[in-house]
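Only a predicted model underlies this, so the values are computations on that prediction, with no experimental measurement involved.
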2 protein chains.
Amino acid sequence: MPTEKFSMYSYLLDRTARRVKQYAQRRFNQENLDVTVDQWLILKNLNKGVDLSQSELAELTGKDHPTLTRIIDLLCKKGLTERRVHPGDRRSFTVHLTEAGEQSVVVWSPKVAEIRMKAWENLTEEDYELLKKILNKIYSNLDL
Amino acid sequence: MPTEKFSMYSYLLDRTARRVKQYAQRRFNQENLDVTVDQWLILKNLNKGVDLSQSELAELTGKDHPTLTRIIDLLCKKGLTERRVHPGDRRSFTVHLTEAGEQSVVVWSPKVAEIRMKAWENLTEEDYELLKKILNKIYSNLDL
DNA sequence: TTAATATATTTGTCATACTAATTATTATCA
DNA sequence: TGATAATAATTAGTATGACAAATATATTAA
């Protein structure tokens, strides 16, 4: 006997995720951090000194390939990343953080972390852990 | 001292919400329910015998006005809703479920509820309640 | 080695999200 | 009343998300 409450939970989840992203984006804009929240996620994942292929980046960031291609296009246009030919596979690129990209990550990481904190105010460590557990459970329930 | 873990939680939230929507949409398509998840949300909110203005619908469903306008456009094109002049305010429309729209809601509600359940398998009542509480907390932390 | 298959990326299309600006109408106040 | 401000909806522009199909290159198998 299906219950409608699960539709309600789905709605709450969607609405909350949107607001979290919207809040962060507005703060990015206020601070004149000239990237989107999704672009930032890519930069952050590149900042390990390791160049990654687009496929690897897509996997890490949970983006599909067309979306990732377009995000990289924009980051390259902004001069924050560049595509380099993959040694040994001409189908592939490695995405490389430029000097400017590196600088952005270094300079902005603390501010971004601070912005991201806001959503989780008034929650306990236990809440974080439980939320993480529940979200991962949901995610794996829908394994595609 | 800002911590990066909150960026991680934000990422998990976003990723999970996307997968929940994606799963539902795929099931909608498989079942030949010819609306999007977001369009369905609108239909469902109209199915109380009460016509709502677009502003009211936007408020109820958490959509912004431009998005709502376009969703209503599509629903009207599909013959599931129609715009009616608001008696007493010529700026406004009331959105009305057509006969076909009513039928869709009646026919598909149980299947949609069933589809929506899938995400929440293996979670306890307590998990639901806590998740709801936490999501609402986050939402209100970011009051805009 | 050639033919079939698989993989990495891109392109195209539609839907949604957010912002800013516009239009039409209504409400308010000097 | 008449100017100003507020509200409802729309339009336009950019970014992301999902899906399908195309392109180029690699890999595998007959």
* Using heavy atoms to find the nearest nucleotide of DNA chain D for A:D89 and A:P66 separately, return the residue whose nucleotide is more 5′. =>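 Whichever sits nearer the 5' end wins; that is A:P66.
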
Could you state the [atom1]-[atom2] distance from [X] to [N], rounded to the nearest angstrom?
{"X": "A:R18", "N": "C:dA15", "atom1": "CZ", "atom2": "C1'", "value": "13 Å"}
{"X": "B:I72", "N": "C:dT16", "atom1": "CD1", "atom2": "P", "value": "10 Å"}
{"X": "B:R70", "N": "D:dT11", "atom1": "CZ", "atom2": "C1'", "value": "7 Å"}
{"X": "A:L74", "N": "C:dT10", "atom1": "CG", "atom2": "P", "value": "12 Å"}
{"X": "A:Q54", "N": "C:dT11", "atom1": "CD", "atom2": "P", "value": "11 Å"}
{"X": "A:H86", "N": "C:dT9", "atom1": "NE2", "atom2": "P", "value": "9 Å"}
{"X": "A:L68", "N": "D:dA18", "atom1": "CG", "atom2": "P", "value": "13 Å"}
{"X": "A:I71", "N": "D:dA15", "atom1": "CD1", "atom2": "C1'", "value": "8 Å"}

Strictly below 4.0 Å: does [X] bring a side-chain N or O up to OP1 or OP2 of [N]?
{"X": "A:S92", "N": "C:dT7", "answer": "no"}
{"X": "A:K21", "N": "C:dA17", "answer": "no"}
{"X": "A:R90", "N": "D:dA26", "answer": "yes"}
{"X": "A:T69", "N": "C:dT10", "answer": "yes"}
{"X": "B:Q39", "N": "C:dT16", "answer": "yes"}
{"X": "A:T36", "N": "D:dT16", "answer": "yes"}

Want to settle it: does B:V37 or A:D73 sit nearer the 5' end of DNA chain C, counting the closest nucleotide to each?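 Mapping each residue to its closest nucleotide by heavy atoms, the 5'-most match is A:D73.
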
Where the side chain of A:D64 is defined as all heavy atoms beyond and including C-beta, which of D:dG17, C:dT16, D:dT11 is the nearest nucleotide?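 When the side chain of A:D64 is considered, D:dG17 is the closest of D:dG17, C:dT16, D:dT11.
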
**Asked** Do we get A:R116 above B:F6's six-membered ring, with its NZ or CZ under 6.0 Å from the centre and within 45° of the axis?
**Response**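 So A:R116 doesn't make the cation-pi contact.
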
_Check whether A:Q25 reaches the backbone of A:V37 with its side chain - one donor and one acceptor, N or O, closer than 3.5 Å._
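Confirmed, A:Q25 side chain pairs with A:V37 backbone.
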
